[in-house]
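Written below as structure tokens is the structure these notes are about.
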2 protein chains.
Amino acid sequence: MTGVRKQKAAQTEAALKEAARRLFVERGYLNTKITDITKAAGRSTGSFYEHFADKDELLAGLLADMRGQASEQIVAEHPREHDLTDREVLKAHLGMAWGVFREHLPVVVALFQSMVADEPGSGRAWRDLTADTEMLREHLEWLEERGHRLPGAPGILAPAIGAMLAMLAYAVMTAADGGPEMADEEIVEALTGLVSGGLGAFGASRMPG
Amino acid sequence: MTGVRKQKAAQTEAALKEAARRLFVERGYLNTKITDITKAAGRSTGSFYEHFADKDELLAGLLADMRGQASEQIVAEHPREHDLTDREVLKAHLGMAWGVFREHLPVVVALFQSMVADEPGSGRAWRDLTADTEMLREHLEWLEERGHRLPGAPGILAPAIGAMLAMLAYAVMTAADGGPEMADEEIVEALTGLVSGGLGAFGASRMPG
DNA sequence: GTCTATACCGGGATAGAC
DNA sequence: GTCTATCCCGGTATAGAC
């Protein structure tokens, strides 16, 4: 039976992925060479190409793993009601996003680097950002339809909030030391306050004149 | 006199910088090779090294140019009062930052890519982010000392706002087309509303229970 | 200072034995 | 499927003529 072979192959693939995850956090996606990965995994260079066409495909694999893992828990926990003007609901959302970043840091780092390294002319940053915050945008639109007054168009607020979350998480989680001496909980709390105030309190006219 | 030589050299250096600026926006800093720059500038490869040790040094030069230009106008326009709870003051600040990003896009793109491409383990992202938002942090601390209640520590709010601004600007300004069909003014207005509400309205307890 | 030519090397990718 | 050995190219950086 070929089961043994398959198993061994699966082991190698897993080893490569595992090594990649580790290296992506330490050195980053861009600076990690394929040979670094194979070396760290204790395999040969040639073996890599039996499993992945290139580094991008490996990343895609990691991403798929993450989605498979994360989507379950998210769907399970995801509240049906989405009144983001409710401070606690908002905080739950932000906290969940932050937690996913934290848990899948290798993939997050890799994706972030890969996105930014792309040709600016490709417009990929904007595309990714809007795609990843689509759900948030819809929630905001829903609020608007219900008569809630937002400080701006959902089409810009959602990407803005997503940008803040992603960039800040990247910075905080890769801060070797000397980062914010602050627990994740505190950070999420602060962000919640910032966003919550902006989204919710807009009716209270602070307009001059 | 050697003035003629010097002048020619200065011309070459300027040409290289100018070409670099153009290419950085189109292809990005990382994807632009030294040979691309010299080619675009109509100079030879070897000539490059007469002016810069490497690509990093060229970027440092561009950055210096930008600072020299920007600091004047900023200092000139910078209001002495910094009550960021005043919506218009806040908007002026955000608008100014956005304008600098827009005007010096090549340098901004290059710095951003360079920052993100660094080894995550270096912690550079957090270091840069805190350094670039130091002034904002001080303003927030000043507010706090005066008894104003913020939604979180200035040490995290300032980087958070900076992260939002930087990442969003990068995404928006490199969005080939299909970006937000929105003028800069509208974007700044929306961001102002978002941040202003968060910073200012916190007293109004929206706490549950 | 600027050019042409080239040395040099890192690293992606493949060939072919096992 | 995995290995070793190698090809090969892009791109940095330098040498030396002008």
Side-chain angles (χ1 to χ4, degrees), chain A residues 1-24 26-62 110 113-114 117-122, chain B residues 1-24 26-62 110 113-114 117-122:
Chain A
M1 58 192 289
T2 60
V4 179
R5 261 202 178 169
K6 268 195 176 173
Q7 198 181 11
K8 213 174 179 189
Q11 274 180 12
T12 294
E13 185 168 325
L16 290 172
K17 279 181 174 173
E18 186 47 41
R21 264 190 282 267
R22 194 152 41 80
L23 291 175
F24 287 174
E26 290 171 14
R27 315 184 190 175
Y29 176 72
L30 301 173
N31 291 325
T32 300
K33 310 305 168 192
I34 290 177
T35 49
D36 294 334
I37 298 173
T38 55
K39 203 178 300 173
R43 312 293 158 129
S44 70
T45 308
S47 188
F48 179 92
Y49 295 92
E50 193 64 30
H51 300 273
F52 311 100
D54 50 28
K55 211 169 55 170
D56 266 339
E57 199 172 293
L58 187 160
L59 176 55
L62 292 181
Q113 286 198 334
S114 156
D118 252 31
E119 300 197 346
S122 72
Chain B
M1 58 193 289
T2 60
V4 180
R5 262 201 177 170
K6 267 195 176 174
Q7 198 181 12
K8 213 174 180 189
Q11 272 180 13
T12 295
E13 185 168 323
L16 289 172
K17 279 181 173 174
E18 186 47 41
R21 264 190 283 266
R22 193 152 42 81
L23 291 175
F24 287 172
E26 290 170 15
R27 315 184 190 174
Y29 176 71
L30 300 173
N31 291 325
T32 299
K33 308 306 168 191
I34 290 176
T35 48
D36 295 334
I37 297 173
T38 53
K39 203 179 301 172
R43 312 294 158 128
S44 71
T45 307
S47 188
F48 179 92
Y49 295 92
E50 192 65 31
H51 299 271
F52 311 99
D54 50 29
K55 212 170 54 170
D56 266 340
E57 199 173 295
L58 189 160
L59 176 54
L62 292 181
Q113 286 198 333
S114 157
D118 252 29
E119 301 197 348
S122 72

Over how many whole Å does the gap from [X] atom [atom1] to [N] atom [atom2] extend?
{"X": "A/Leu16", "N": "D/dG1", "atom1": "CG", "atom2": "P", "value": "13 Å"}
{"X": "B/Phe48", "N": "C/dT4", "atom1": "CZ", "atom2": "P", "value": "17 Å"}
{"X": "A/Lys39", "N": "D/dC3", "atom1": "NZ", "atom2": "P", "value": "14 Å"}
{"X": "A/Leu58", "N": "C/dG12", "atom1": "CG", "atom2": "C1'", "value": "15 Å"}

* Verify, without hydrogens or angle tests, whether A/Gln113 (side chain) and A/Leu30 (backbone) share a donor-acceptor contact under 3.5 angstrom. => yes
* A/Glu50: salt bridge (Lys or Arg N to Asp or Glu O under 4.0 Å) partners, not counting sequence neighbours -> none
* **Listed partners of B/Lys17 passing salt bridge (Lys or Arg N to Asp or Glu O under 4.0 Å), at least two apart** => B/Glu13, B/Asp65
* Asked: Can you check whether B/Thr12 has a side-chain N or O nearer than 4.0 Å to OP1 or OP2 of C/dG1?
  -> no
* Structure fact -> Reading nucleotides 11-18 of chain D from 5' to 3' and marking B where a protein heavy atom lies under 4.0 Å of the base, S where only the sugar-phosphate is that close, and - otherwise, the string is SBBB----
* Considering residues at least two apart in sequence or located in another chain, which fulfil the side-chain contact (heavy atoms from CB on, under 4.5 Å) criterion with B/Glu18? -> B/Arg21
Which residues pass the side-chain hydrogen bond (donor to acceptor under 3.5 Å, both in side chains) test with [X], not counting sequence neighbours?
{"X": "A/Asp56", "answer": "A/Tyr29"}
{"X": "B/Ser47", "answer": "none"}
{"X": "A/Thr12", "answer": "A/Arg43"}

* Asked: Per the end-axis method with five pairs at each terminus, what is the bend angle of the helix from C/dG1-D/dC18 to C/dC18-D/dG1, to 10°?
  -> 10°
* Would you mind listing every salt bridge (Lys or Arg N to Asp or Glu O under 4.0 Å) that reaches into residues 26-38 of chain B, with sequence neighbours excluded? => B/Arg27-B/Asp36
